[in-house]
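Presented below is the structure to which this report refers.
Chain naming here is simple, since letters A, B, ... match the order of the sequence lines and numbering starts at 1 in each. Here the structure is a predicted model, which means the values were calculated and not measured.
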Amino acid sequence: MDILSSLNDAQREAARHIDGAMLILAGAGSGKTLTITTRLAYLIGEVGIDPLNTLTLTFTNKAATEMKLRALNLIRSSQPSANPLLCTFHKFGLLFLKLYMRELNRANNFVIIDIDDKKKIIKEFENSIATNIVSNEISRYKNMLLSPEEIISSSVIPAFIGGRANYEKIAKAYKSYEEYLVANNLVDFDDLLCLTYRILDSNPNLCNQISNRYKYITIDEYQDTNELQYKLLRKLCQAHENVVVVGDDDQSIYGWRGAKIENILNFKDQFSSVKVVRLEENYRSSSNILNAANELIDHNRNRLGKKLISTKKDNKDIEILQNSDEESEAKIISARIAKLINDGEHPTQIAILYRINALSRALEEGLIANGVPYKIVGGIKFYERAEIKDIISYLRLILNPHDDFSLERIINRPKRGLGKVGFNKLSEFAFNNKISLYEAILRMDEGLLGKKVFTALNELARDITELREAEPKDLIFELENKFGLKEFYKQSPEGDDRLLNIDEFYGSINQKIENNPDFSLEEFLNDITLQSDQDRISEDAISIMSVHASKGLEFEHVFIIGLEEGFFPLISDECDIEEERRLGYVAITRAKSDLVLSSSNFRIYRGKKSNLERSRFLSEAGLISGKLRIESTKEFRRGDLIKHKIFGIGRVLEVTQIKSDFKLKINFGGNIKEIMSGFVEKV
DNA sequence: TAGAAGCAGATTTTT
DNA sequence: TCTGCTTCTA
């Protein structure tokens with residue numbers, strides 16, 4: 001029982017659980033990963049359960065990879081070759097569909113498309129409604145397991161769609177989209193789950209067989225599961241109820257994306273004799289930080305209830321910064337961080353969090369001005385970059401030249417002189433002859449598109465054919481040699497970045513090929529679509545990111561900016577204040593020892609300047625009064641020349657401080673006005 | 001065909 | 001204010 005010795009009582013109780021349903025309520029920083037991995041190691045190493053009978057599902061690749069590594073480490077000595085299935089929900093769907101796609105009369109060499117691909121396809125069919133709305137609706141329908149036909153006959157129309165006519169357009173687009181996916185053998189992210197569910201649902205025997213195989217199921221981040229994932233779980237545990245779900249209802253922040261917090265809130269009633277374990281001892285943050293987090297989240301009604309208890313000794317005051325505007329906020333925080341780094345703190349231990357990405361701009365300017373290296377976490381993902389997706393498309397074509405979707409993407413990249421009109425001609429030719437675009441290129445007449453384009457396209461087709469014969473070790477070299485993507489992207493505006501990305505990608509593929517004697521291009525291509533890049537956090541830079549992107553991370557020093565009513569909590573028509581509060585809770589609990597909460601009197605957003613009130617979360621967390629500290633860099637002096645949007649240029653006659661801001665008496669060419677400093681700028 | 005100009009729209013985004 | 005998409009022109 002050696003491996004259980006590093007756990008506290010609650011953790012140990014959770015880790016020793018074997019049969020039946022259990023809910024582990026794991027507060028922020030409470031050793032959740034340790035508990036899950038120790039339990040898995042305990043089941044396999046001590047109880048003697050076959051690793052192949054376990055299934056552990058997570059939401060991110062990062063979590064899956066880390067957990068697998070840690071679990072295997074614990075059982076390395078006794079079971080060196082154990083290989084429990086520990087992966088994301090979507091990867092599980094992918095593995096399942098590879099085996100059972102034929103149940104739906106579809107081939108298993110499908111290609112997974114990402115959200116951009118999805119939108120591109122939708123646009124072919126529906127252009128009068130915002131693609132985002134159509135895309136989200138399709139997602140919603142799929143997750144409700146509703147077919148296009150069922151949507152058309154439904155009478156419940158969501159208000160934001162704008163009436164029956166639009167609803168029918170969306171339903172039609174959904175139908176065309178589905179047909180396109182099937183025709184091109186594509187699957188989207190939602191399909192990985194809903195097709196898996198459909199197959200299990202219509203094959204009770206298969207479902208039973210699968211359920212009997214995965215006798216011990218663990219689900220991580222259960223608060224983020226949606227209805228479909230719950231249903232899938234039901235199928236997977238149909239032959240037993242050995243289900244351990246781990247999560248924190250207070251950290252449910254993806255409700256707007258279909259996650260159902262009810263899944264975790266109601267788990268106790270949905271499974272029989274559920275044991276509940278609360279992990280409340282926090283190993284991350286100081287007690288001041290935890291007190292603030294506890295007080296804040298206590299304002300939520302819809303929760304199971306738990307309190308984080310600090311195990312740490314040191315305890316700094318939480319600091320409240322009140323700034324005149326976003327520039328001054330950025331300046332103060334940047335200067336502060338520059339000093340921290342100067343004093344020897346490692347940049348990776350510092351993070352700035354915001355509720356909306358738009359707040360990063362002023363911040364970045366301040367950081368640059370102070371020479372603070374920073375990295376934006378969760379911006380455009382590596383595999384979503386155009387240059388990377390182009391290479392992926394070429395690779396897909398090498399695997400399957402009849403992949404029209406990929407060919408369309410790169411047919412004019414690098415430029416081959418083929419425009420929209422020309423492409424339509426080629427596409428029509430392919431359609432009429434019921435052949436792929438690749439075959440159409442080989443069979444078309446030279447006159448169809450003109451000699452130049454004809455030659456260029458034939459060369460493309462020939463190159464692809466030739467690359468199919470290439471040795472894996474020469475693949476990348478030959479690919480670049482034939483298509484010259486580096487040369488092509490060198491000329492684009494962000495050429496340098498793109499070249500670096502291409503080199504990184506080429507390098508990583510070559511490394512995989514080198515390290516793996518039976519490298520499979522197909523497997524590689526499927527996996528990278530499911531890959532995000534949260535784990536690419538930089539070595540020598542501070543991190544700046546949205547609160548959502550910060551989930552699961554921790555830093556010694558955390559600055560939360562934009563704590564103003566309207567921004568955080570973000571107020572909108574369909575806003576859920578409890579989810580906003582949970583976001584506040586997630587943000588605060590990222591900090592280990594040092595937390596600074598910052599707000600501004602004024603902020604320019606979407607070109608408009610607004611006067612803002614401090615976030616209610618500051619008082620709800622019990623942080624306002626006494627500890628308030630006022631700072632402002634935007635100082636005005638008598639005699640300063642200033643500019644006002646309406647009154648123009650004027651000269652400051654008098655400065656009066658009011659709370660954290662300044663009231664200025666200004667002379668605009670004889671016209672004397674009293675104006676708050678936020679409305680004017682120094683010239 | 002491809003770059004330039006004009007215009008609407010704009011949270012958060014694990015896969 | 002800024003971006004990304006459609007429309008216009010060489």
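Atom C1' of C:dT6 sits at a distance of 25 Å from the matching atom of B:dT11, rounded to the whole Å.
Put simply, CG on A:L228 is 13 Å from C1' on B:dT15, counting in whole angstrom units. A:L186 has its CG atom 20 Å from the P atom of B:dT15, to the nearest Å. In this structure, A:K551 places its NZ atom 11 Å from P of B:dT15, rounding to the nearest Å. Rounded to a whole Å, the CD1 atom of A:I528 is 14 Å from the P atom of B:dT15. Put simply, CG on A:N127 is 14 Å from C1' on C:dG4, counting in whole angstrom units. Put simply, CD on A:E326 is 11 Å from C1' on C:dT1, counting in whole angstrom units. With rounding to whole Å, A:Q229 atom CD is found 12 Å from B:dT15 atom P. To the nearest angstrom, P of C:dG4 lies 13 Å from CD of A:E384.
Ring orientation note: the planes of A:Y214 and A:F92 are nearly perpendicular, at an angle over 60° on the 30°/60° scale.
If you check the side chains of A:E387 and A:N501, you find a donor sitting under 3.5 Å from an acceptor. Between the side chains of A:E178 and A:Y174, no donor N or O sits under 3.5 Å from an acceptor N or O. Checked by atom type, the side-chain pair A:D250/A:N300 shows no donor-acceptor distance below 3.5 Å. Side chains of A:Q223 and A:E221: a donor-acceptor N/O pair is present below 3.5 angstrom, by distance only.
For a distance-only test at 3.5 Å, the side chain of A:R257 fails to qualify as a donor-acceptor partner of the base of B:dT11.
Closest contact between the side chain of A:H548 and the listed nucleotides B:dT11, B:dT15, B:dT13 involves B:dT13. Distance from the side chain of A:L570 is smallest for B:dT11 among the nucleotides B:dT11, B:dT15, B:dT13.
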Just by protein heavy atoms under 4.0 Å, how would nucleotides 1-10 of chain B read 5' to 3' in B, S and -? SSS------B

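A:M545 places none of its side-chain heavy atoms less than 4.5 Å from the side chain of A:I376. Using a 4.5 Å heavy-atom threshold, the side chains of A:D191 and A:K142 count as touching.
Non-hydrogen atoms lying under 4.0 Å from DNA chain B are contributed by A:I356, A:N357, all within residues 356-369 of chain A.
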Decide ring-ring contact (aromatic ring centres under 6.0 Å, His included) for A:H299 and A:F617; before the verdict, give the C-alpha distance in whole Å, the side-chain angles of both, and the deciding distance to 0.1 Å. CA-CA 10 Å; A:H299 286 78; A:F617 293 165; 9.0 Å; no

Steps toward ring-ring contact (aromatic ring centres under 6.0 Å, His included) verdict (A:F567, A:Y605): CA-CA 10 Å; A:F567 281 100; A:Y605 180 57; 5.3 Å; yes

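A sub-4.0 Å separation between OP1 or OP2 of B:dT15 and a side-chain N or O of A:T529 is absent.
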